[in-house]
Engineer: 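Here you go, one structure.
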Amino acid sequence: MNFDKEFDASGLSCPLPILKTKKALADMASGQVLKMIATDCGSVKDMQAFADQTGNPLLSQSEEGGKYIFFMKKK
Amino acid sequence: MTTKKMAIIASKGTLDMAYPPFILASTAAALGYEVQIFFTFYGLQLLRKDLSDVKISPLANPAMPMPVPMPVFVQMLPGMESMATMMMKQKMKKKGVASLEELRSLCQEAEVKFIACQMTVDLFEFEKSDFIDGVEWGGAAMFMGFAGDTDVCLFV
């Protein structure tokens with residue numbers, strides 16, 4: 001999937017992946033896509049909850065070798 | 001859509017009890033909530049510039065996981081509290097848990113409002129200059145002015 005910005009939250013625990021996602025989205029334009037990588041398995045449900053509550057759609061999430069990869073579109 | 005609001009009372013000043021208010025406040029702010037934390041009694045210690053006195057005690061804390069079983073009379077020896085705090089901080093760092101300082105500044109960046117209890121300051125004769133910038137001083141009525149209109153209100 002194409003993306004406009006990427007950041008790696010590997011090794012960080014709750015709530016840092018969410019807080020850093022929020023920060024990363026802050027300076028993106030509407031419609032742009034953020035790729036986020038995390039190792040915290042709690043981030044799977046947290047990212048979905050973040051998407052539901054903020055209205056930024058979570059386009060996809062997948063797991064690869066212990067890493068969780070999220071693509072989120074800025075609303 | 002109206003902005004959701006959350007109010008938290010932070011009344012404890014130990015390392016373990018310092019995390020929930022800052023974690024919830026920073027997360028709620030990231031979700032778009034307007035957040036205030038009212039720091040009272042021992043919770044006021046969490047607003048000091050220097051957080052090195054915020055510690056965890058193994059004493060009277062039977063749920064605290066210990067690397068080796070430790071009888072209570074050992075836990076009360078001098079230095080045990082500092083050792084437990086050091087070990088806990090090392091573990092948190094290793095597991096990627098944010099430091100209190102980091103979470104606190106993330107809260108401030110996200111415009112979480114910190115209210116410090118004026119009565120506690122007077123009671124313990126604290127120096128206001130020992131506290132971080134951006135703190136508002138107030139009382140119970142001021143807190144209720146905000147808390148009365150919130151979606152989530154917690155006492156920690």
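Protein chains get the first letters and strands the later ones, always in sequence-line order, with residue 1 at the start of each. Bear in mind that the values here come from a model prediction, so they are computed numbers and not experimental data.
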Engineer: If you count the non-hydrogen atoms of other residues, nucleotides and ligands that lie under 6.0 Å from CD in B:E111, is the total more than 12?
Structural biologist: no
Engineer: At a 4.5 Å cut-off on heavy atoms, which part of B:Y19 comes close to chain A: side chain, backbone, both, or neither?
Structural biologist: neither
Engineer: Looking at every non-hydrogen atom in both residues, tell me the closest pair between A:L16 and B:A98 and how far apart they are.
Structural biologist: CD1-CB, 3.5 Å
Engineer: Would you say that A:K23 contacts B:E109 through its side chain, given a criterion of any heavy-atom pair below 4.5 Å between the two side chains?
Structural biologist: yes
Engineer: Count the heavy atoms belonging to other residues, nucleotides or ligands that lie under 6.0 Å from NZ of B:K94, then report whether that count exceeds 12.
Structural biologist: no
Engineer: Are there more than 12 heavy atoms of other residues, nucleotides or ligands under 6.0 Å from atom CE of B:M76?
Structural biologist: no
Engineer: Counting only heavy atoms from other residues, nucleotides and ligands, does the tally under 6.0 Å from CE of B:M66 exceed 12?
Structural biologist: yes
Engineer: Heavy atoms, side chains only, cut-off 4.5 Å: are B:L103 and A:L19 in contact?
Structural biologist: yes
Engineer: Strictly distance-based, threshold 3.5 Å: is any side-chain N or O of A:S13 a donor or acceptor partner for the main-chain N or O of B:K95?
Structural biologist: yes
Engineer: State yes or no: do B:F38 and B:Y42 share one hydrophobic cluster built from I, L, V, M, F, W and Y residues joined by side-chain heavy-atom distances below 4.5 Å, directly or via other members?
Structural biologist: no
Engineer: Can you say whether B:L106 sits under 4.5 Å from chain A via the side chain, the backbone, both, or neither, judging by heavy atoms?
Structural biologist: side chain
